[in-house]
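One structure below.
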There are 2 protein chains.
Amino acid sequence: MNGRSAMRLARLQDVLAGGGTIHLSEAAKLCGVSEMTIRRDVAASDGAMTFLGGHLMMADNPQFAPVYDLDEQQGSHYLAKQRLCQGAASFIAEGDTLFIDCGTTLMPLLGMLDEFEELTVVTYALNVANAVGSLSNVRLVLLGGLYHHSSQSFGSGEMYDAVRRLGINKAFISAAGVDLARGVSCFHFHEVAPKQAALETALYRILVVDASKLGIVRPALFAELDAFDVVVTDAKAAPRLNARVGSEHQPPRVMVA
Amino acid sequence: MNGRSAMRLARLQDVLAGGGTIHLSEAAKLCGVSEMTIRRDVAASDGAMTFLGGHLMMADNPQFAPVYDLDEQQGSHYLAKQRLCQGAASFIAEGDTLFIDCGTTLMPLLGMLDEFEELTVVTYALNVANAVGSLSNVRLVLLGGLYHHSSQSFGSGEMYDAVRRLGINKAFISAAGVDLARGVSCFHFHEVAPKQAALETALYRILVVDASKLGIVRPALFAELDAFDVVVTDAKAAPRLNARVGSEHQPPRVMVA
DNA sequence: CATCTAGTGTTATTTTTCTAACATTTTTTT
DNA sequence: AAAAAAATGTTAGAAAAATAACACTAGATG
């Protein structure tokens with residue numbers, strides 16, 4: 001590899017550093033050389049960059065890693081979540097300050113935020129931050145702390161105060177378990193503080209769960225069901241949630257998405 | 001789109017929900033139908049999924065977005081940074097707690113961290129967090145706050161105290177300008193607090209800059225040059241840095257990478 | 001029961017991408 | 001400055017993917 005080749009590679013890698021792809025023809029135009037030269041440069045890049053169907057990208061881009069172990073990831077329900085989030089999104093209004101919980105349930109919601117002029121999102125999840133960080137119309141506040149791989153989120157107990165200092169408008173909370181008697185729960189204890197703080201400060205509290213979570217209790221209980229104003233769920237779970245009787249508390253409204 | 005088509009799409013979207021790609025042939029095998037049927041399903045998915053060179057992926061994958069505005073990111077020097085970071089990495093020892101600054105200069109350093117058994121990284125940059133978050137051998141602490149698109153980093157003045165509560169071992173700092181008289185500077189004022197706090201608490205302070213920064217003063221001055229123990233730089237900048245005379249302070253050692 | 005139709009499979013054609021070979025230009029060496 | 005080497009460009013052919021056309025199948029309809 002010579003100097004100019006290295007220069008071109010560096011230039012392309014700069015362009016692609018934040019992820020993304022560039023077509024071979026664009027790359028060639030950008031560097032002012034032929035497509036063949038770009039191909040040769042990439043071949044000499046020692047595996048740093050690769051082509052995928054004519055599109056150039058950084059090889060370590062995790063988003064392009066082929067999925068091989070197919071059996072592993074079954075059981076999550078992308079389309080169901082998409083539908084739930086469509087329901088949840090109907091509560092968002094222009095200018096809102098939203099608290100977005102960690103997990104995968106609420107991820108589709110983030111793709112629906114670009115329809116608003118101006119929003120503020122508060123989160124403690126890395127995946128949420130990444131999705132929101134690319135939106136120019138959304139002000140992002142990330143609550144930091146120690147990173148937990150398991151939930152792709154940050155923080156622990158101290159986060160409680162940090163959340164309460166923020167003027168959160170509507171809180172979108174997800175959960176790993178919802179039990180009518182025991183309450184709402186998640187897997188990890190470090191999620192309890194931010195969730196509880198959000199529930200206390202938010203003006204409007206929205207629980208987003210699908211039917212598979214119903215009747216389940218997970219290690220970290222963080223709220224009673226009636227701590228929420230609305231539960232957004234699917235048709236399967238709605239009747240069981242509505243069947244609650246004799247509660248002296250004001251129950252959350254059940255919304256079927 | 002019929003029921004079975006929807007089922008197949010949901011299955012594929014489950015598999016690809018966390019990013020990643022699957023080849024058309026694999027997808028066909030997985031669903032037990034022909035490749036043509038998968039193509040038709042995807043075409044009917046209303047833009048939710050796309051092909052890129054025979055590989056199937058979610059269309060809203062942010063990493064998939066082609067890079068068009070090429071002119072913007074010019075002028076940075078990937079290979080030069082790689083070399084600088086190799087020099088910088090030589091200061092890292094097993095078990096260290098590192099402060100990693102924002103910007104692109106130190107990104108190559110993160111790829112070198114997987115050689116250690118156990119490290120802790122403290123940062124306030126989203127791109128750093130993403131890179132480190134995928135390493136299982138590194139404990140990650142992210143300093144949160146308001147997100148700044150310009151530098152892909154979080155926070156402001158309050159961060160000062162947050163940094164000082166952490167036991168930072170070695171601080172790797174980057175800069176947009178280094179002037180022998182005026183000191184070391186960056187573009188954005190919100191970077192000043194974390195940088196200064198890291199300089200005050202860290203046991204060992206390493207400035208990593210290439211020659212293009214030398215003699216330049218940026219809006220936000222954050223330190224004198226002799227606040228650092230070492231300056232890792234390239235051969236072009238080294239002589240000019242070493243030419244300093246008559247300083248009553250202990251000057252930083254200049255390391256050529 | 002025959003017919004229709006949506007869904008799927010098969011085959012063929014076009015387009016695009018990939019690879020290899022060779023020609024040309026530029027740089028380095030003698 | 002000539003020769004050699006390296007880098008780049010051009011062209012041609014092979015491979016792969018995208019598209020289109022047509023054939024088959026199973027459930028729905030009259």
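The chains referred to below are lettered A, B, ... by the order of the sequence lines, with proteins before strands, and numbering in each begins at 1. As the structure is a computational prediction, the values presented were derived from the model and not from experiment.
- Look at B:R8 and you'll find a side-chain N or O under 4.0 angstrom from OP1 or OP2 of C:dT8.
- One finds no side-chain N or O of B:R40 lying less than 4.0 angstrom from the OP1 or OP2 phosphate oxygen of C:dT8.
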Using the 3.5 Å cut-off, write out each protein N or O paired with an N or O of nucleotides 25-27 of chain C and the distance between them.
from	atom 1	to	atom 2	distance (Å)
C:dT27	OP1	A:R4	NH2	2.7

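- The separation between A:M36 atom CE and D:dA7 atom P is 14 Å, rounded to whole Å.
- Note: CZ (B:F51) to C1' (C:dT17) measures 17 Å, nearest angstrom.
- Counting only heavy atoms from C-beta on, A:V33 has its side chain closest to D:dG9 among C:dT10, C:dC18, D:dG9.
- Atom P of nucleotide D:dA16 and atom CD of B:E35 are separated by 12 Å, given to the nearest angstrom.
- Between the P atom of D:dA18 and the CE atom of B:M49 lies a distance of 14 Å, rounded to the nearest Å.
- Residue A:T37 places at least one side-chain N or O under 4.0 Å from the OP1 or OP2 atom of D:dG9.
- Atom P of nucleotide C:dT16 and atom NE2 of A:H55 are separated by 12 Å, given to the nearest angstrom.
- Here the P atom of nucleotide C:dC18 and the CG atom of A:D41 are 15 Å apart, to the nearest Å.
- Remark: B:H23 is in phosphate contact with D:dA17, judged by side-chain N or O atoms under 4.0 Å from OP1 or OP2.
- Contacts of B:N137 classified as side-chain contact (heavy atoms from CB on, under 4.5 Å), with partners at least two apart in sequence or in another chain: B:L135.
- Under a cut-off of 6.0 angstrom, the local environment of CD in A:E117 is sparse, with at most 12 non-hydrogen atoms contributed by other residues, nucleotides or ligands.
- Proximity note for A:R39 (side chain, C-beta onward) versus D:dT8, C:dT19, C:dG9: the nearest is C:dT19.
- Residues passing the ring-ring contact (aromatic ring centres under 6.0 Å, His included) test with A:F116: none are found, sequence neighbours excluded.
- Following rounding to the nearest Å, A:L24 (CG) and C:dC18 (P) show an atom-to-atom distance of 7 Å.
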(request) Apply the test side-chain hydrogen bond (donor to acceptor under 3.5 Å, both in side chains) to residues A:T120 and A:R139: give CA-CA distance (whole Å), side-chain angles for both, the deciding distance (0.1 Å), then the verdict. (result) CA-CA 4 Å; A:T120 301; A:R139 191 180 298 113; 2.9 Å; yes

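- Applying the side-chain contact (heavy atoms from CB on, under 4.5 Å) criterion to B:A93, with sequence neighbours excluded, gives B:D96, B:K170.
- Remark: B:F154 pairs with B:Y147 by the ring-ring contact (aromatic ring centres under 6.0 Å, His included) rule, at least two apart or across chains.
- The separation between A:I38 atom CD1 and C:dT19 atom C1' is 17 Å, rounded to whole Å.
- In this structure B:F91 satisfies the ring-ring contact (aromatic ring centres under 6.0 Å, His included) test together with B:Y204, sequence neighbours excluded.
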